[in-house]
2 protein chains.
Amino acid sequence: MSHFCLPSGMHRSDITKVAPLVRRRVRVLKGDALFHPGDAADAVYAVRVGTIKTCITTASGRNQVVTFHLPGEIIGLESLVQVTHACRATALEDTSLCLIPSDVLKAQAVHIAPLRNRLLEAFSHEARHQRDQAVMLGQMTAEERIATFLLSLSERLSARGFAASEFLLRMSREDIGSHLGLKLETVSRILSRMGGAGLLRVRARNVAILDRDMLEHVSQGLRPLLPRTQPQAPRMTM
Amino acid sequence: MSHFCLPSGMHRSDITKVAPLVRRRVRVLKGDALFHPGDAADAVYAVRVGTIKTCITTASGRNQVVTFHLPGEIIGLESLVQVTHACRATALEDTSLCLIPSDVLKAQAVHIAPLRNRLLEAFSHEARHQRDQAVMLGQMTAEERIATFLLSLSERLSARGFAASEFLLRMSREDIGSHLGLKLETVSRILSRMGGAGLLRVRARNVAILDRDMLEHVSQGLRPLLPRTQPQAPRMTM
DNA sequence: CGTACAGTTGATAGGTCTCAAGCCGCGTGG
DNA sequence: CCACGCGGCTTGAGACCTATCAACTGTACG
């Protein structure tokens, strides 16, 4: 339940709470990086408009999308603790962010109790989010992962005032797959399948959720898998 | 690299730092629970002797081992932020822990800067750990996962002064599988395979790492999979 | 209008799961 | 002390899901 709403970063209200600390705005063009692995980690960011993905590269050179950051969400909390970034943060569309220098944030946290608590909460939230992601990757099928992912996107977007049931996927099929531990072909197939089953309407990167209840059932594995090819006569009378 | 040393909780030195705050000791017998989901989350624990597993149950009723907590590691950091536990913490052997009430910890953190930083670090560490877990589940094969898991155990045990290359698995094959997103049969098969290949010596829950270099190669997918059946004559001269 | 890239779809291969049978170690009780 | 039974573990055969390889379509952009 509560483990499976997978938004990341702080809540909406957090943005306004720390508003006085914001030092400047940053713009990142589609495809450009906000920071690279190895860069000095000296600021925390909040997405104002746009979308950012953070990717990590493993020792063996494989890449994985760790998180998609939507408007209102926080990036780079780790810079309060570490000196360099481990991830690469890339803009999926032209994006503008608020920048708060991490030393300012740390200095202010000494005096302001609510801010301290907010930081703890944000970290805790991040840990929970990553744990839920691990649980998802550990035991969900491809269909369950994609259903969960779409519902999470829907929820987070609607929390920011966007339409809950019709939205644009800012990321490629490959990005989605990377985030969910799947290949792009599998993502594509399952989106098509969900479209065919009437759960979604998918046209390129436009997605409309047509049957949210059913999608939730799928996300919890309560439903036999959707038909792989066409349904056929399910079982003849012997 | 640094992403794949997967210890959880604070470092060794943390234990002593917060020693004055410790209010009492707790003992949990093998198989018993330290706390259940829904229980009030009002304390943070540090393992003194023994091993604890924390499990989460998803909305669909499936269970997953989130973390194994070895001596020196921290449990229940979330209680600084949340009022109830989401996980179940179970002892894998008779275990004794230090208990620090979370309100005491929070109160002290107001005055003691190093403690504050420690808490942030611990949270950040936890988030990183969970992220690495997600990356592992997202793209590693069963062999890579198990190699990574064994190396992580070895590293964490040796950090606490235990032997690095020969240790006892406190958890069942099923627990390992649950933690790694695999079934117990797969865990068993792969341990056997690694034994047969000379990387390990496995007898029941005793594990000895015989070829750490090779195990590291396997953990990074740099090696063609170990032979599935018996090694046979590796390759005859045609 | 053609190139390039993202996405779709098909056929096949491969890894892990499932189901099933047996083995082993250990605690219990005769 | 040994027989027994149970849970944890091993091993095998087959099915299933997802990856892989490949062809093709559509679409954005020069």
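Every value quoted in this text rests on a predicted model; they were computed, and no experiment measured them. In what follows, every chain begins at residue 1, and chains take the letters A, B, ... in the order their sequences are listed.
- With contacts defined as side-chain heavy-atom distances shorter than 4.5 Å, the pair B:Glu166/B:Val207 does not qualify.
- Among the atoms of the strands shown, base atoms are found under 4.0 Å from some heavy atom of B:Arg189.
- Remark: P of C:dG15 and CD of B:Gln139 are 17 Å apart, rounded to the nearest angstrom.
- The nearest heavy atom of DNA chain D to A:Arg145 and to A:Glu185 marks one nucleotide each, and the one closer to the 5' end goes with A:Arg145.
- Of the candidate nucleotides C:dG7, D:dT10, D:dT18, D:dT18 has the atom lying nearest to any side-chain atom of A:Ala142.
- Using a 4.0 Å cut-off, some side-chain N or O of B:Arg173 falls inside it from OP1 or OP2 of D:dT10.
- Ionic pairing of A:Lys30 and A:Glu93 is not present here: no N-O contact between side-chain nitrogen and carboxylate oxygen is shorter than 4.0 angstrom.
- Look at A:Ser172 and you won't find any side-chain N or O under 4.0 angstrom from OP1 or OP2 of C:dA6.
- Atom P of nucleotide D:dT10 and atom CG of B:Leu169 are separated by 10 Å, given to the nearest angstrom.
- Dashed line: the shortest gap from a side-chain N or O of B:Arg193 to OP1 or OP2 of D:dT11 is not under 4.0 Å.
- Ranking D:dT10, D:dT18, C:dG7 by closeness to the A:Ser188 side chain, first place goes to C:dG7.
- At the phosphate of C:dT9, OP1 or OP2 sits under 4.0 Å from a side-chain N or O atom of A:Ser192.
- Following rounding to the nearest Å, B:Leu191 (CG) and D:dT11 (P) show an atom-to-atom distance of 10 Å.
- Defined by atom type and a distance below 3.5 Å, a donor-acceptor pair is present between the side-chain atoms of A:Ser96 and A:Arg48.
- Each of C:dC17, C:dA6, D:dT20 was ranked by its minimum atom distance to the side chain of A:Lys183; first place goes to D:dT20.
- Put simply, CG on B:Leu137 is 15 Å from P on D:dT18, counting in whole angstrom units.
- Look at NZ on A:Lys30: it is 11 Å from P on D:dA28, rounded to the nearest Å.
- Ionic pairing of A:Arg156 and A:Glu73 is present here: one or more N-O contacts between side-chain nitrogen and carboxylate oxygen are shorter than 4.0 angstrom.
- Judged by distance alone, the side chains of B:His179 and B:Gln64 never bring a donor and an acceptor atom under 3.5 Å apart.
- When the P atom of D:dC9 is taken as reference, atom CD1 of B:Ile176 falls 8 Å away, rounded to whole Å.
- A:Ile146 has its CD1 atom 9 Å from the P atom of D:dT18, to the nearest Å.
- Counting non-hydrogen atoms under 4.0 angstrom, A:Gly181 reaches the backbone sugars and phosphates but no base.
- Put simply, CG on A:Leu168 is 14 Å from C1' on C:dA6, counting in whole angstrom units.
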